[in-house]
Amino acid sequence: MKTNTNYAGIPDNYAALDSSKIVLIPVPYDGTSTWGKGADKGPKAFLEASENMELYDIETDSEVYKNGIYLADAVTVNATPEAMVDAVHQETKRFIKKNKFVTVFGGEHSISIGTIRAFHEMFPSLTVLHIDAHADLRKSYEGSSCNHACAVYEASQNTNLIQVGIRSMDVKEKSIMNLDKTYFAHDMAIDDSWMDSSIDQMTDNVFITFDLDAFDPSILPSTGTPEPGGLLWYETLDFLKQVFAEKNVVGFDIVELCPNEIDKSSDFLAAKLYYKMLSYKFHNEGSENNYEDAYEDSNRLGNYIKFKDED
């Protein structure tokens, strides 16, 4: 069911699908998390916080909502993890095919299997930039390949996967991980060359999957599996700003907000992060044209696009 208000309470003329460049898909799903529950409440908390956020971004001197942000119906399939991933995949792909800049807000990280699958099918030579505390590289976990612990296994096999902020993993994941493209938090803390190094390894088209537990719990405690030693606000923005400036970010998702009724600061940080990422994408004149060109290139590479079905 669709929420009754527009994203961030923006006027209707900036919220219609036909005129909006941006689509936001909420996915209130928490079917496979194994510790802190509540990620299914993340999208609602994020949207409520967004309504209380200033829509002028000081840094970019812009009001990105004026590019139009369409709030899509939430994806609410809860039958099985596999059914949820398929639903997210199909809905994401549907809006990409409408030539929209598609963003997704979860929900736990298993939803990203569906979003990454859609972007991989639609954009050639895709880099997946995975910002997270956890490696999420298990091929299967608790009987399913669509578990949150498997969020980027498929990406590791099919795309140029770059992992940033990792500080928790199972030893078995090391055999799957590309250590040359993995930036561990303990190394990042003492050597800031990780920003330039990781960007140098990216292809032109980049999809970002951002797990909020990448942040240090001192600034974002409301997540299912908080890990000490995480990213802080301004270093994260510095990195994202560089990625958006140097690469063609074709879409992103944000996951793993587990709202806390007492402390709303994490909800607001998530809302601000989403809006900052949009601001970085659209404040440079012509940045949206890069997205359209990439989409057109993918159309010309007909043997690359592997549609499972046509809408």
Side-chain angles (χ1 to χ4, degrees), residues 32-36 39 106 108-113 115-116 126-141 145 147-203 206-240 242-243 247 249 252-258 266 269-270 273 277:
T32 75
S33 60
T34 48
W35 192 38
E108 41 122 307
H109 211 166
S110 60
I111 73 160
S112 299
I113 300 170
T115 58
I116 293 168
L126 185 69
T127 289
V128 172
L129 171 58
H130 173 220
I131 304 175
D132 199 333
H134 306 91
D136 290 348
L137 283 170
R138 288 172 168 89
K139 185 175 182 179
S140 179
Y141 191 68
S145 61
N147 188 283
H148 72 101
C150 314
V152 294
Y153 173 79
E154 191 172 302
S156 74
Q157 305 302 298
N158 298 328
T159 74
N160 177 45
L161 177 66
I162 295 174
Q163 300 186 274
V164 168
I166 307 302
R167 53 195 190 274
S168 178
M169 60 186 288
D170 185 88
V171 67
K172 294 179 181 178
E173 293 175 281
K174 191 174 179 180
S175 64
I176 299 167
M177 177 177 281
N178 185 336
L179 293 174
D180 292 333
K181 295 182 179 181
T182 303
Y183 296 84
F184 293 105
H186 67 274
D187 293 324
M188 294 163 57
I190 59 175
D191 183 359
D192 63 6
S193 66
W194 64 270
M195 294 192 190
D196 290 337
S197 177
S198 62
I199 292 172
D200 286 345
Q201 295 187 88
M202 297 178 193
T203 55
V206 176
F207 174 81
I208 301 172
T209 180
F210 198 118
D211 188 325
L212 291 168
D213 64 29
F215 286 113
D216 191 81
S218 64
I219 67 168
L220 196 146
S222 299
T223 187
T225 46
E227 291 279 349
L231 291 165
L232 298 177
W233 180 245
Y234 283 109
E235 67 178 326
T236 302
L237 293 189
D238 285 346
F239 177 52
L240 291 171
Q242 286 187 51
V243 173
K247 300 298 177 180
V249 177
F252 62 83
D253 66 33
I254 299 175
V255 298
E256 298 281 358
L257 175 65
C258 295
S266 296
L269 188 153
L273 175 68
M277 291 173 74

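Model, not experiment: these values are computed from the prediction.
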Rounded distance (nearest 0.5 Å) linking atom [atom1] of [X] with atom [atom2] of [Y]:
X      : Y      : atom1 : atom2 : answer
Tyr141 : Ser110 : OH    : OG    : 13.5 Å
Asp213 : Leu257 : CG    : CG    : 11.0 Å
Leu161 : Gln201 : CG    : CD    : 11.0 Å

Less than 3.5 Å apart, which donor and acceptor atoms pair up between the side chains of residues 229-238 and the rest of the protein, not counting sequence neighbours?
{"from": "Glu235", "atom 1": "OE2", "to": "Leu232", "atom 2": "N", "distance (Å)": "2.8"}
{"from": "Thr236", "atom 1": "OG1", "to": "Leu232", "atom 2": "O", "distance (Å)": "2.6"}

Listed partners of Tyr153 passing ring-ring contact (aromatic ring centres under 6.0 Å, His included), at least two apart: none
Listed by chain and number, what are the salt bridge (Lys or Arg N to Asp or Glu O under 4.0 Å) partners of Arg138, not counting sequence neighbours? Asp170, Glu173
Testing the basics here: between [X] and [Y], what is the closest heavy-atom pair and its distance to 0.1 Å?
X      : Y      : answer
Ser222 : Ser266 : N-OG, 3.2 Å
Gly165 : Ala185 : O-CB, 3.8 Å
Ile131 : Ala214 : CG2-CB, 3.7 Å
Ile113 : Ala151 : CG1-O, 3.5 Å
Asp216 : Pro228 : OD1-C, 3.9 Å

So does Asp196 get a backbone contact from the side chain of Gln242, meaning a donor-acceptor N/O pair under 3.5 Å? no
Determine whether the side chains of [X] and [Y] contain a donor N or O and an acceptor N or O closer than 3.5 Å.
X      : Y      : answer
His134 : Asp136 : no
His130 : Gln163 : yes
Asp253 : Thr115 : yes

With a cut-off of 6.0 Å (strictly less than), are more than 12 heavy atoms of other residues, nucleotides or ligands near NZ of Lys139? no
